[in-house]
Amino acid sequence: MSSHTRTDSRFRRTAKASAVAVLAATALTGCAEEAKLGWMPTERGTTDNADLILDLWVGSWVAALAVGLLTWALMLWCMIAYRRRKNEAGYPRQVAYHAPLEVFYTIVPIAMIVSLFFFTERTQSEITERHDDPDTVVQVYGKQWAWDFNYLSDDVWDTGIQGHLDGEEGVPDRVPTLYLPSNSEVELQVTSRDVIHSFWVPAFLEKRDMFPGRTNYISITTGREGEFYGKCAEFCGEYHSEMLFNVAVVDQAEYDAHIQSLRDAGQTGALGEEYSRDSYPGAEDQHSETAFN
């Protein structure tokens, strides 16, 4: 067997081994539950919006992986098939044209970008669409550095205090908890009492910025029961890291019991703008004077 034939055989074996290794790694990764969720901090069935985002995220990465594998395979094939042989000298032809292939390489990327834009826009439209008649409406106020919850559908309110991280266990038990009924249409009306905050529950895979004097909306359909951690995702001052809260998605009976406990404690009605930083008498004049000094 000539040295040229042995070299070709060795390259083929290397190429096959590389391809098998890539496919095996991909298959093993696909079997992991984390991979099926795209390594997102959630599970399917948490909210309808989270499932939509998961589908878009995982689908985008699958498409990217397919393109990557094809590109790597073509690069490997070119390196092997068109390498310089022992009996060759000089450089190969540097310019070549193949009109059909060039048209193909132009159309395919455009089609991929248009497809990604279409699915992204469709998912975003579904996520931002508000419910016509939600089962539960909660107004969420962000404040330095805690949260107020007005359960508008039930005419009760709850308030929280700063988390005070001290290195000891138990902080999740000291921060406010937002209760939501499972398998229900929920609308969260988020706003701020002072500076810009951001309402973020990682397991819900979405967040909304909270601006003073403006209301944004999160419309979700809750799914499985569970307790989830939330935080402010917009730097809002010295104790931003302690602006924490919990979300408890519970069955209807437990939700009703919590609402009744707030009612029994006399926390009826809603905490309004009168508790915001700029809502006390003379606040506007004070800010104007401060601006000129």
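Basis for what follows: all heavy atoms, side chains included, without hydrogens, waters or symmetry-related copies.
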Peer 1: For Pro176 versus Ile161, what's the shortest heavy-atom pair and its separation?
Peer 2: CD-O, 3.8 Å

Peer 1: Please determine whether side chain to side chain contact (heavy atoms under 4.5 Å, CB included) holds for the pair Ile113 and Leu116, giving the CA-CA distance in whole Å, both sets of side-chain angles, and the decisive distance to 0.1 Å.
Peer 2: CA-CA 5 Å; Ile113 293 172; Leu116 184 60; 5.8 Å; no

Peer 1: Minimum heavy-atom separation for Met243 to Gly142, with atom names?
Peer 2: CE-CA, 3.8 Å

Peer 1: When you compare the side chain of Ser241 with that of Lys231, does any pair of heavy atoms fall below 4.5 Å?
Peer 2: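 No - every pair of side-chain heavy atoms lies 4.5 Å or more apart.
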
Peer 1: So Ile218 and Glu187, do their side chains get closer than 4.5 Å, heavy atoms only?
Peer 2: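 Side-chain contact under 4.5 Å: no.
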
Peer 1: Do Asp251 and Glu225 come within less than 4.5 Å of each other through their side chains, counting heavy atoms only?
Peer 2: yes

Peer 1: For the CZ atom of Phe149 and the OH atom of Tyr179, what is their distance to the nearest 0.5 Å?
Peer 2: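 Interatomic distance, Phe149 CZ to Tyr179 OH, rounded to 0.5 Å: 11.0 Å.
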
Peer 1: Which pairs pass side-chain hydrogen bond (donor to acceptor under 3.5 Å, both in side chains) with one or both residues in residues 190-204, sequence neighbours excluded?
Peer 2: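 Sorted result for residues 190-204: Asp148-Arg193, Arg193-Ser276, Asp194-His197, Ser198-Asp209.
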
Peer 1: Specify the closest pair of heavy atoms between Cys236 and His240, including all atoms of both residues, with the distance to one decimal.
Peer 2: SG-ND1, 3.5 Å

Peer 1: Find the distance between CG (Asp48) and CD1 (Ile220) and round it off to the nearest 0.5 Å.
Peer 2: 7.5 Å

Peer 1: May I have the list of side-chain donor-acceptor pairs in residues 53-70 shorter than 3.5 Å, sequence neighbours left out?
Peer 2:
{"unit_1": "Asp55", "atom_1": "OD1", "unit_2": "Arg44", "atom_2": "NH1", "d": "3.0"}
{"unit_1": "Asp55", "atom_1": "OD1", "unit_2": "Arg44", "atom_2": "NH2", "d": "3.0"}
{"unit_1": "Trp57", "atom_1": "NE1", "unit_2": "Gly38", "atom_2": "O", "d": "3.0"}
{"unit_1": "Ser60", "atom_1": "OG", "unit_2": "Leu56", "atom_2": "O", "d": "2.7"}

Peer 1: Is the closest side-chain heavy-atom distance between His258 and Tyr151 below 4.5 Å?
Peer 2: yes

Peer 1: Other residues, nucleotides and ligands only: do more than 12 of their heavy atoms fall within 6.0 Å of OH on Tyr217?
Peer 2: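 Count over threshold, so yes.
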
Peer 1: According to a 4.5 Å side-chain heavy-atom criterion applied to Ile, Leu, Val, Met, Phe, Trp and Tyr, with indirect links allowed, do Leu178 and Trp147 form part of one hydrophobic cluster?
Peer 2: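 Leu178 and Trp147: one cluster.
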
Peer 1: Can you check whether Phe211's main-chain N or O pairs, donor with acceptor, with Arg214's side chain at less than 3.5 Å?
Peer 2: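 Such a contact is absent between Arg214 side chain and Phe211 backbone.
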
Peer 1: Can a donor-acceptor pair be found, under 3.5 Å and without considering hydrogens, that links the side chain of Asn49 to the backbone of Ser219?
Peer 2: yes

Peer 1: A quick test of your reading: do over 12 heavy atoms of other residues, nucleotides or ligands sit less than 6.0 Å from CG of Asp133?
Peer 2: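 Open.
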
Peer 1: In the structure I gave you, are the side-chain heavy atoms of Thr136 and Glu185 within less than 4.5 Å of one another anywhere?
Peer 2: no

Peer 1: Between Asp51 and Glu43, which heavy-atom pair has the shortest distance, and what is it?
Peer 2: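 Looks like OD1-O, 4.4 Å.
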
Peer 1: One thing to verify: whether Lys86 and Glu88 come together as a salt bridge, which I'm taking to mean a side-chain N less than 4.0 angstrom from a carboxylate O.
Peer 2: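 No, this pair does not count.
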
Peer 1: In the structure I gave you, are the side-chain heavy atoms of Leu205 and Pro41 within less than 4.5 Å of one another anywhere?
Peer 2: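 Yes, at least one pair of side-chain atoms sits under 4.5 Å.
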
Peer 1: Are the side chain of Arg85 and the backbone N or O of Arg83 linked by a donor-acceptor pair below 3.5 Å?
Peer 2: yes

Peer 1: To the closest 0.5 Å, what do you measure between CH2 (Trp157) and CG (Leu152)?
Peer 2: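 Here the interatomic distance stands at 14.0 Å.
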
Peer 1: Under a 4.5 Å side-chain heavy-atom rule over Ile, Leu, Val, Met, Phe, Trp and Tyr, are Leu271 and Val138 clustered together?
Peer 2: no

Peer 1: Taking Phe199 as the starting point, is it possible to reach Ile127 by hopping between hydrophobic residues whose side chains are less than 4.5 Å apart?
Peer 2: no

Peer 1: Does the side chain of Thr120 pick up a donor-acceptor pair with the side chain of Gln124 at under 3.5 Å?
Peer 2: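 Note: Thr120 and Gln124 side chains miss the donor-acceptor criterion.
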
Peer 1: Just distance, no hydrogens or angles: give the donor-acceptor pairs under 3.5 Å from side chains in residues 95-110, sequence neighbours left out.
Peer 2:
{"unit_1": "His98", "atom_1": "ND1", "unit_2": "Leu101", "atom_2": "N", "d": "3.1"}
{"unit_1": "Thr106", "atom_1": "OG1", "unit_2": "Glu102", "atom_2": "O", "d": "2.9"}

Peer 1: Just so I know, are the side chains of Thr159 and Lys143 near enough to count as touching, which here means a heavy-atom distance under 4.5 Å?
Peer 2: yes

Peer 1: To the nearest 0.5 Å, tell me how far Trp77 CH2 sits from Tyr82 OH.
Peer 2: 3.5 Å

Peer 1: How long is the straight-line distance from CD of Gln139 back to CG of Leu188, given to the nearest 0.5 Å?
Peer 2: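 Separation between the atoms: 11.0 Å.
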
Peer 1: Given the rule in the side chain to side chain contact (heavy atoms under 4.5 Å, CB included) test, do Ile196 and Met210 qualify, once you have shown the distances and angles that lead to the verdict?
Peer 2: CA-CA 6 Å; Ile196 298 176; Met210 312 168 76; over 6 Å; no

Peer 1: Hey, mind stepping through Tyr229 and Phe245 against ring-ring contact (aromatic ring centres under 6.0 Å, His included) and telling me if it holds?
Peer 2: CA-CA 6 Å; Tyr229 298 114; Phe245 66 99; 9.8 Å; no

Peer 1: If every non-hydrogen atom of Gly223 is compared with every non-hydrogen atom of Ser182, which pair is closest and at what distance?
Peer 2: O-CB, 3.3 Å

Peer 1: If you measure only the distance, is there a donor-acceptor pair under 3.5 Å linking the side chains of Glu273 and Tyr141?
Peer 2: yes

Peer 1: Using the rule side chain to side chain contact (heavy atoms under 4.5 Å, CB included), only one of Thr42, Val249, Asn246 pairs with Phe228; which is it?
Peer 2: Val249

Peer 1: How about CD on Gln260, more than 12 heavy atoms from neighbouring residues, nucleotides or ligands closer than 6.0 Å, or not?
Peer 2: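 Above 12, so yes.
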
Peer 1: What's the separation between atom CG in Asp135 and atom OG1 in Thr222, rounded to the nearest 0.5 Å?
Peer 2: 8.5 Å

Peer 1: Would you call Val247 and Thr177 a side-chain contact if the rule is heavy atoms closer than 4.5 Å?
Peer 2: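 No, every pair of side-chain atoms sits at 4.5 Å or beyond.
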
Peer 1: Could you walk me through whether Glu242 and His164 satisfy the side chain to side chain contact (heavy atoms under 4.5 Å, CB included) test, starting with their C-alpha distance in whole Å, then the side-chain angles of each, then the deciding distance to 0.1 Å, before giving a yes or no?
Peer 2: CA-CA 6 Å; Glu242 297 184 346; His164 295 297; 4.0 Å; yes

Peer 1: Within a 6.0 Å radius of atom CD on Glu126, are there more than 12 heavy atoms belonging to other residues, nucleotides or ligands?
Peer 2: yes

Peer 1: Between the side chains of Asp154 and Tyr255, is a donor N or O closer than 3.5 angstrom to an acceptor N or O?
Peer 2: yes

